[in-house]
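Notes follow the structure.
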Amino acid sequence: MAIYAAISIAFLVFVRSRTERPLYALLAVILIVLVPTWDMVLGAIVYFPSCLFFPKVAIYETMEADGIYYEGKHDYVWELEDHGRNEPVSERTVVGYIDGVFRRGYAYAESRVTKRGTHRDRRSIPPAFYRCVPLPRDPDRPAYQRTSCVVVDRPMSLCTVRETRLSLGTASISTKKIYNRSTGKLMAIYRQVCMRYVFPFFAWLGWHGLHSGGTCRPALGSDRRTSFGYTELEYHVLKPNK
């Protein structure tokens with residue numbers, strides 16, 4: 001920050017040496033402020049008006065289902081190291097955080113995978129459908145939900161859970177829609193507007209350690225059926241078969 005402050009002062013001195021017009025000095029100050037903080041400014045401009053119009057939660061239809069198929073979520077895959085356990089590749093293949101589905105009692109979970117790798121190391125790959133099923137828990141790792149994930153020709157889930165996200169600066173609009181795959185009918189929708197809180201100094205460069213939380217605005221006035229979070233929508237629409 002000290003270096004940027006010195007550069008900013010030198011830039012202002014340079015501008016003032018070239019012209020005495022106050023407008024140019026004002027524009028120079030605005031530029032100095034916006035270069036490190038434009039993402040926060042844009043995020044605020046987008047977030048607050050969007051909160052009034054975009055959030056929405058609605059469930060039109062529910063269904064019993066054995067599994068869930070995702071598009072736009074759990075769309076990356078990687079392989080765990082074997083560590084001498086001699087486990088097959090399918091049992092070391094991890095698809096997003098799809099193992100959380102099995103805590104809800106579903107028999108399988110599927111996803112359209114388009115990336116390989118973890119976190120910032122992900123790279124694009126040709127789309128492939130993965131199906132995961134739960135495995136018995138390992139006594140040595142009781143908190144870990146073991147799964148077996150393999151590539152399949154096509155999903156067999158009755159419905160699609162599709163997620164999209166539009167990011168503008170530090171603001172984002174996330175939409176989750178659930179469709180009946182046979183009829184194409186929209187069964188439910190959840191749209192929320194979020195804003196990340198970051199230290200306002202070149203956070204748009206993706207520097208680590210600058211993110212400090214955030215807030216999301218769901219739809220106001222939701223009825224009793226929709227008094228849950230964005231990540232919970234599919235579990236209220238697609239009831240696991242018992």
Practice task
Apply the test salt bridge (Lys or Arg N to Asp or Glu O under 4.0 Å) to residues Glu163 and Lys176: give CA-CA distance (whole Å), side-chain angles for both, the deciding distance (0.1 Å), then the verdict.
Solution key: CA-CA 4 Å; Glu163 290 196 27; Lys176 180 184 290 188; 3.5 Å; yes

Exercise for the section: Could you go through the side chain to side chain contact (heavy atoms under 4.5 Å, CB included) check for Tyr76 and Tyr97 one step at a time? Expected result: CA-CA 9 Å; Tyr76 55 97; Tyr97 291 96; 3.1 Å; yes

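Linking ILVMFWY side-chain heavy atoms closer than 4.5 Å, directly or via other members, places Tyr108 and Val150 in two distinct hydrophobic clusters. Hydrophobic clustering keeps Leu238 apart from Phe102 (ILVMFWY residues linked when any side-chain heavy atoms are closer than 4.5 Å, directly or through intermediates). One hydrophobic cluster, built from ILVMFWY side chains closer than 4.5 Å, holds both Val161 and Ile98. Neither Val133 nor Tyr106 shares a network with the other; the hydrophobic side chains, linked directly or stepwise wherever heavy atoms of I, L, V, M, F, W or Y lie under 4.5 Å apart, form separate groups for each. Leu158 and Tyr69 end up in different hydrophobic clusters when Ile, Leu, Val, Met, Phe, Trp and Tyr side chains are linked at under 4.5 Å.
Ring geometry, Phe228 versus Tyr190: the interplanar angle falls from 30° to 60°, so the pair is classed tilted. Using the six-membered ring where Trp is involved, His74 and Tyr70 have ring planes that are perpendicular, over 60° apart on the 30 and 60° scheme.
Distance check, rounded to the nearest 0.5 Å: CD1 of Ile68 to SG of Cys159 gives 9.0 Å. Taking CG from Asn241 and CE from Met63, the interatomic distance works out to 10.5 Å, rounded to the nearest 0.5 Å. Within the model, atoms OG of Ser172 and CE of Met195 stand 10.5 Å from one another, a figure rounded to the nearest 0.5 Å. To the nearest 0.5 Å, atom OG1 of residue Thr62 and atom CD1 of residue Ile178 are 10.5 Å apart. Thr118 OG1 to Leu80 CG: the interatomic distance, rounded to the nearest 0.5 Å, is 10.0 Å. The distance from the CG atom of Asp75 to the OG1 atom of Thr114 is 4.5 Å, given to the nearest 0.5 Å.
Atom CZ of Arg112 has 12 or fewer neighbouring heavy atoms from other residues, nucleotides or ligands inside a 6.0 Å radius. Within 6.0 Å of the CZ atom in Arg165, the count of heavy atoms belonging to other residues, nucleotides or ligands does not exceed 12. More than 12 heavy-atom neighbours from other residues, nucleotides or ligands sit within 6.0 angstrom of NZ on Lys239. Within 6.0 Å of CZ on Phe129 lie more than 12 heavy atoms contributed by other residues, nucleotides or ligands.
Closest approach of Arg92 and Glu87 over heavy atoms only: NE-O, 3.3 Å. Glu232 approaches His236 most closely through the heavy-atom pair O-CD2, 3.1 Å. When all heavy atoms of Pro134 and Gln145 are compared, the pair lying nearest together is CB-NE2, 3.6 Å. Heavy-atom minimum distance, Glu61 versus Val237: O-CG1, 3.3 Å.
Residues satisfying the side-chain hydrogen bond (donor to acceptor under 3.5 Å, both in side chains) test with Asn180, not counting sequence neighbours, are none. A search for disulfide (SG to SG under 2.5 Å) contacts involving Cys149 returns Cys132, not counting sequence neighbours. The side-chain hydrogen bond (donor to acceptor under 3.5 Å, both in side chains) test applied to Arg146 returns Glu91, not counting sequence neighbours. Take Ser90 and apply the side-chain hydrogen bond (donor to acceptor under 3.5 Å, both in side chains) test, not counting sequence neighbours, and it matches Ser148. With sequence neighbours excluded, no residue forms a ring-ring contact (aromatic ring centres under 6.0 Å, His included) with Tyr130.
A donor-acceptor pair under 3.5 Å is absent between the side-chain atoms of Thr164 and the main chain of Gly72, judged by distance alone. In this structure a side-chain-to-backbone donor-acceptor pair under 3.5 Å is missing from Glu71 to Val113. Arg191 places no side-chain N or O within 3.5 Å of a backbone atom of Thr175 that could act as its donor or acceptor partner.
Between Arg116 and Arg122, every side-chain heavy-atom pair lies at or beyond the 4.5 Å cut-off.
Counting only residues at least two apart or in different chains, side-chain hydrogen bond (donor to acceptor under 3.5 Å, both in side chains) contacts with residues 152-161 comprise Glu110-Ser157.
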